[in-house]
2 protein chains.
Amino acid sequence: MLSRERIVDAAFSVLRDYGLADLSMRRLAKELGVQAGALYWHVPSKQDLLYGLAEVLLADLPIAEQVPPADAARQLALDLRHRLLGVQDSAEVVSLAQALAPYRLAPFAELRRILDQDAVEGRGSRVLIHFMLGALAEEQTRSSLISSGAVPAADSPTAVAEHAAEDFAFGVDAILSGLAAIPAPRA
Amino acid sequence: MLSRERIVDAAFSVLRDYGLADLSMRRLAKELGVQAGALYWHVPSKQDLLYGLAEVLLADLPIAEQVPPADAARQLALDLRHRLLGVQDSAEVVSLAQALAPYRLAPFAELRRILDQDAVEGRGSRVLIHFMLGALAEEQTRSSLISSGAVPAADSPTAVAEHAAEDFAFGVDAILSGLAAIPAPRA
DNA sequence: ACCTGAACACCGTTCAAGT
DNA sequence: ACCTGAACACCGTTCAAGT
């Protein structure tokens, strides 16, 4: 029997093993041994399916409590990077979900809570979120361009990964430092 | 006679008037009164065409010189926002181009030059670029979701636009302030 | 209730053949 | 040199009909 959960799981596998370009409803149906139309009994649209996939990608990301907000945010950023780098094009999928329904994804709702104290509507956390997703999407795109041979690697794979990790941490720190310097206005 | 320029111009019009979802090679061909295959004599791929479209979208963005780097960056950010908001989904198109060939688009190359003094490889400017493109893509996505009625508007259109402008400037200022606080490491 | 079969209205890209 | 015609290998989504 088909179910939303089985469909989302199949989507996760195809994304991990083949990337977003290969993640079609028809491909998913083939993987599950059904006709393409059958998916629409369990899932309203591909967009909704991708949102569910983003939820799975971000499931159980731990949030540190009882620490300075900036430290918790920094840790979440590093955890997010670590999680997403394991699955091809995952930053793109999370970006789509966040664009569709801002702050509905749990880790981003948490980030808003700790960084913006429920003020205004997440001005500070949005800066960090856009940087994180943009940087990770670029990193994933470049690494698949390199491994497909479409573009030459400047350094060894490990050197590239280390460099990306440093750049990511640098950006996160710069943003958290800037947010501390320019406090959020009164709600 | 067809030409790369005429094709890119047609792409610009379709993007402005109908959005990225309607921007297909077949649609472009219809608009130009030719068969779809004819486009491939003048343009190697859709990806390359979108890159050309991004160049047109960013053409002649003025760069302020002879001022503090942060002021020049801030002005460029506001100019970029103003330019992109005039064309549906343009931030998405520019993002694709920047992912494909980082810093090949003139305004981003300039931004790197003034913010990172040609050090390392644009750590600081990347933070700003990812924020700008992410924030603008979200703003454009939300405004088309609202105008298509898929999602209800929280405020009046002008209030939404003003709010978005303030949030954008806030993010730019926070980032520039953070970059000043955490100077780029030695190259 | 759940799925098949088949259709509708599309895609990007290639390439022999025409002019 | 430049374009047509036609194909190849796909898309997301809908829906009558079957079980």
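All chains are named by letter (A, B, ...) in the order of the sequence lines, taking the proteins before the strands, and each is independently numbered beginning at 1. Everything quoted here is computed from the prediction, not taken from an experiment.
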Minimum-distance nucleotide to A:Leu2 side chain [options: D:dA1, D:dT13, C:dC3]: C:dC3
One pair to check against side-chain contact (heavy atoms from CB on, under 4.5 Å): B:Leu115 and B:Leu176. What are the steps and the verdict? CA-CA 9 Å; B:Leu115 277 184; B:Leu176 291 174; 4.1 Å; yes
Report yes if at least one side-chain N or O of A:His42 is closer than 4.0 Å to OP1 or OP2 of C:dC3; otherwise report no. yes
Out of B:His82, B:Arg83, B:Gln75, which residue meets the side chain to side chain donor-acceptor pair (under 3.5 Å) rule with B:Asp79? B:Gln75
Starting at CE of A:Met1 and ending at C1' of C:dA1, how long is that distance when rounded to a whole Å? 8 Å
Using atom CZ of B:Arg6 as one end and atom P of D:dC2 as the other, report the distance to the nearest whole Å. 13 Å
Find the distance B:Leu39:CG to C:dT14:P and express it as a whole number of Å. 13 Å
Write down the distance separating the C1' atoms in C:dC8 and D:dC10, rounded off to the nearest Å. 15 Å
Apply side-chain contact (heavy atoms from CB on, under 4.5 Å) to residues A:Glu138 and B:Gln98 and explain how you reach the verdict. CA-CA 9 Å; A:Glu138 187 185 316; B:Gln98 158 73 7; 4.1 Å; yes
So if I take every side-chain heavy atom of A:Lys46 and compare against D:dG12, D:dC2, D:dT4, which nucleotide ends up nearest? D:dG12
For D:dC8, which nucleotide is its Watson-Crick or G-U wobble mate, given both distances must be under 3.5 Å? C:dG12
Looking at residues 21-35 of chain A, who's got a heavy atom less than 4.0 Å off DNA chain D? A:Ser24, A:Met25, A:Arg26
Taking the side chain of B:Tyr40 as its heavy atoms from C-beta onward, which of C:dC2, C:dG12, D:dC3 lies nearest to it? C:dG12
Partner nucleotide of C:dA17 by Watson-Crick or wobble geometry (both distances under 3.5 Å): none
To the nearest angstrom, how far is B:Trp41 atom CH2 from C:dG18 atom P? 17 Å
